[in-house]
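Read the structure below first, then the notes.
Counting starts at 1 for both ligands and their atoms, following the listed order. What you see is a predicted model; the values in this text were computed from it and never measured.
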Amino acid sequence: HAKNLVAVIGSGNWGSVASRLIASNTAKLPSFHDEVRMWVFEEILPTGKKLSESINQANENCKYLPGIKLGANVIADPDLENAVKDANMLVFVTPHQFVEGICKKLVGKLRPGTEGISLIKGMEVKMEGPCMISKLITNILGINCCVLMGANIANEIAVEKFSEATIGYKKDKEVATRWAKLFTTPYFLVSVVEDIEGVELCGTLKNVVAIAAGLVDGLDMGNNTKAAIMRIGLREMRAFSKLLSPSVRDNTFFESCGVADLITTCLGGRNRRVAEAFARNGGKRSFDELEAEMLHGQKLQGVSTAKEVYEVLTYRGWQELFPLLSTVHEICIGQLPPTSIVEYRIH
Ligand code: NAD
Ligand code: 13P
C-alpha cells in the first residue's frame with residue numbers, strides 16, 4: 001500500500017496544535033509519510049519576518065501558539081497549491097469564514113481519491129439555506145469530508161493534557177477509522193460516530209451558547225444562572241439540529257462533541273472571554289473591536305454563527321422556538337442590552 005500523505009490547511013491556534021498532534025503520529029506510524037505540510041496564511045510579523053519562515057526556523061508558531069515546538073516533521077508552507085501537492089488526506093482547520101475562498105483555489109488541484117476532514121466549527125448560510133462546512137468542502141472540491149469536534153481548547157492539548165474528541169462520518173467507517181488513527185494519542189482519545197450532521201452541528205452551535213455564558217459571567221450572575229444558560233442552550237442546540245437534519249441522534253449530544261465541548265467552551269473558551277468583556281462594557285464596545293484587542297489575530301466563531309443561525313430562524317419562522325439562540329444575536333448587534341440574556345421570556 002502507498003503511504004498516506006497528510007496536509008493541514010490552516011495554522012491558527014488549533015491548526016498549529018492539530019499539526020503538532022498529527023505529526024507526532026505520522027512520525028511513528030508506518031502507514032503515513034512522516035512529513036506534515038501546514039498551509040500558512042502569510043503574515044509579516046512586527047520583526048519584519050514572514051510568519052511561515054519564522055515557523056520553519058523556530059519550529060514554533062510565535063503568533064498563534066508561542067512557546068510550543070511543533071515537531072521537526074511539520075513544514076510550514078504559504079503556497080496553498082504546493083502545501084497540498086501529492087497529499088491524499090487534507091485536514092481543514094481555518095476560521096469558517098475563509099473556507100469557501102480557500103476551497104475555490106484548490107479546485108482541480110487535488111489528487112484523485114483525496115479524503116478530507118474538517119475541524120472547523122461554523123456554518124454558511126446560502127440562498128438555498130444553511131450549509132455546514134464539511135458539506136461546503138464536499139460541494140466545492142468533490143471530496144468526501146468527515147468532521148472532528150470535541151472539548152478541545154487548543155492550548156490545553158498543546159501541553160498534552162488529556163481530552164477526548166468525536167469524529168463524525170457518513171457511511172464509510174473505514175475512512176473514519178483511518179482518521180481516528182491519525183489523531184489518537186494517549187492524551188487525545190478519539191471515538192467515531194455515524195452522525196456527521198449531529199457532530200458538526202454540536203461543534204458549531206455551542207459557540208453561540210458560549211457567548212451567552214460569557215455575558216452571564218460579565219454580568220456577575222453566578223453559577224446557577226450559567227448552568228441554566230448551558231442547559232437551555234443544549235436543549236436548543238438539539239432541537240435546532242433535529243429540525244435542520246432529522247437524522248441527528250440524541251446520543252451524539254453525550255459524546256465529547258456535545259455536552260463536553262459545551263462545558264469546556266462555556267468555562268474556558270475565547271467566545272466566552274470576549275462576551276464577558278462585552279457585557280462588562282455594557283455592550284458599548286463592539287465584538288469586532290474587543291476581538292481585535294483581546295485575541296491578537298485569533299478569530300471568534302460564535303458571533304458570526306449567531307448571525308447565521310438567526311438568518312435561518314427568521315427565514316423559517318422558528319425564532320420563537322429558540323429564544324436563547326435568537327437573543328444572543330440581538331445582543332451581539334446591539335439591538336438588546338446584555339442583561340436580556342436572562343429576560344428573553346418577557347418579550
Ligand atoms: P485562530 O482563530 O487561532 O486563528 C485565525 C487564523 O486565521 C490564523 O491562522 C490566520 O492566519 C488566519 N487568517 C486570517 N485571515 C485570513 C484569511 N483572509 N484567509 C485565510 N486565513 C486567514 O484559528 P484556530 O483556533 O486554528 O481556529 C480554526 C477553527 O478551529 C475554528 O473554526 C475554531 O472554531 C476551531 N477550533 C478552535 C479551537 C481552539 O481552541 N483554538 C478548538 C477547537 C476548534
Ligand atoms: P473558543 O473558540 O470559544 O475558544 O472554543 C474553542 C473550542 O472549540 C473548544 O473545543
Legend entry - CZ/Arg238: more than 12 non-hydrogen atoms of other groups inside 6.0 Å: no
Inset, instruction - Using only heavy-atom distances, determine whether the side chains of Thr314 and Gln319 contain a donor-acceptor pair under 3.5 Å. - result: no
Legend entry - Per-atom contacts of ligand 1 with Ile120, taking only distances under 4.0 Å to non-hydrogen atoms: 32 (O)
Legend entry - atom 11 (O) of ligand 1: nearest protein contact (heavy atom, Å): Glu43 OE2, 3.0 Å
Legend entry - Min N/O separation Ala154 to ligand 1 under 3.5 Å: yes
Legend entry - Greater than 12 external heavy atoms within 6.0 Å of Lys170's NZ: no
Inset, instruction - Work out whether the distance between some heavy atom of Pro95 and some atom of ligand 1 is less than 4.0 Å. - result: yes
Inset, instruction - Could you tell me whether the side chain of Leu90 reaches within less than 4.5 Å of the side chain of Val6, counting heavy atoms only? - result: no
Inset, instruction - Would you check the N or O atoms of Lys299, main chain and side chain alike, for any that come under 3.5 Å of an N or O of ligand 1? - result: yes
Legend entry - Protein heavy-atom partner closest to atom 31 (C) of ligand 1 - residue, atom, separation in Å: Gln301 OE1, 3.6 Å
Legend entry - ligand 1 atoms in contact with Ser11 (distance to a heavy atom under 4.0 Å): 9 (O)
Inset, instruction - Using distance alone, with no hydrogens and no angle criterion, decide if Asn88 and Asn4 have a side-chain donor and acceptor under 3.5 Å apart. - result: yes
Inset, instruction - Please identify which atoms of ligand 1 are closer than 4.0 Å to at least one heavy atom of Ile153. - result: 40 (O)
Legend entry - Gly15 N/O to ligand 1 N/O under 3.5 Å: yes
Legend entry - Min side-chain heavy-atom separation Ile133-Phe92 under 4.5 Å: no
Inset, instruction - Just need the protein heavy atom nearest to atom 42 (C) of ligand 1, so name the residue and atom and give the distance. - result: Asn152 O, 2.9 Å
Inset, instruction - Report yes if the side chains of Arg285 and Phe278 come closer than 4.5 Å at any heavy-atom pair, otherwise no. - result: no
Inset, instruction - Examine Leu80 and Leu119 and state if one hydrophobic cluster contains both, with Ile, Leu, Val, Met, Phe, Trp and Tyr joined whenever side-chain heavy atoms are less than 4.5 Å apart. - result: no
Go ahead and list the nitrogen or oxygen contacts between ligand 2 and the protein that come in under 3.5 Å, distances to 0.1 Å, or just say none.
from	atom 1	to	atom 2	distance (Å)
ligand 2	2 (O)	Arg270	NE	3.2
ligand 2	2 (O)	Arg270	NH2	3.1
ligand 2	2 (O)	Asn271	ND2	3.3
ligand 2	3 (O)	Arg270	N	3.1
ligand 2	3 (O)	Asn271	N	2.9
ligand 2	3 (O)	Asn271	ND2	2.7
ligand 2	4 (O)	Arg270	N	2.7
ligand 2	4 (O)	Arg270	NE	3.1
ligand 2	5 (O)	Lys206	NZ	3.4
ligand 2	8 (O)	Lys121	NZ	2.8
ligand 2	8 (O)	Lys206	NZ	2.7
ligand 2	10 (O)	Lys121	NZ	2.9
ligand 2	10 (O)	Gly150	O	3.0
ligand 2	10 (O)	Asn152	N	3.0
ligand 2	10 (O)	Asp261	OD1	2.7

Inset, instruction - Any ring-ring contact (aromatic ring centres under 6.0 Å, His included) involving residues 14-36? Give me the pairs, sequence neighbours left out, ordered by first then second residue. - result: none
Inset, instruction - Please tell me if the side chains of Ile167 and Ser191 come closer than 4.5 Å, counting only heavy atoms from C-beta onward. - result: no
Inset, instruction - Determine which pairs satisfy ring-ring contact (aromatic ring centres under 6.0 Å, His included) with at least one residue from residues 220-246, sequence neighbours left out, and list them in order. - result: Phe240-Phe322
Legend entry - Donor-acceptor pair between Glu43 and Tyr64 side chains, under 3.5 angstrom: yes
Inset, instruction - Have a look at ligand 1 and work out which part of Leu119, if any, has a heavy atom under 4.0 Å from it: side chain, backbone, both or neither. - result: backbone
Inset, instruction - With atom 29 (C) of ligand 1 as the reference point, say which of Leu300, Thr94, Asn13 has the nearest heavy atom. - result: Thr94
Inset, instruction - Determine whether more than 12 heavy atoms belonging to other residues, nucleotides or ligands lie under 6.0 Å from atom CG of Asn223. - result: no
Inset, instruction - Determine whether any heavy atom of Gly122 lies closer than 4.0 Å to an atom of ligand 1. - result: no
Inset, instruction - Locate the shortest heavy-atom distance separating Ala306 from Val328; write the atom from each residue and the value. - result: CB-CG1, 4.0 Å
Legend entry - Close N or O approach (Ile102, ligand 1; < 3.5 Å): no
Inset, instruction - Classify the contact between Trp14 and ligand 1 as side chain, backbone, both or neither, using a heavy-atom distance cut-off of under 4.0 Å. - result: both
Legend entry - Nonpolar side-chain network containing Val199, other nodes, edges under 4.5 Å: Val147, Met149, Val193, Ile196
Inset, instruction - Specify the protein heavy atom at minimum distance from atom 10 (C) of ligand 1: its residue, its atom name, and the distance to 0.1 Å. - result: Tyr64 OH, 3.4 Å
Inset, instruction - Please confirm whether Lys121 comes within less than 3.5 Å of ligand 1 when only nitrogen or oxygen atoms on both sides are compared. - result: yes
Legend entry - ligand 1 contacted by Arg270 (non-hydrogen, < 4.0 Å): yes
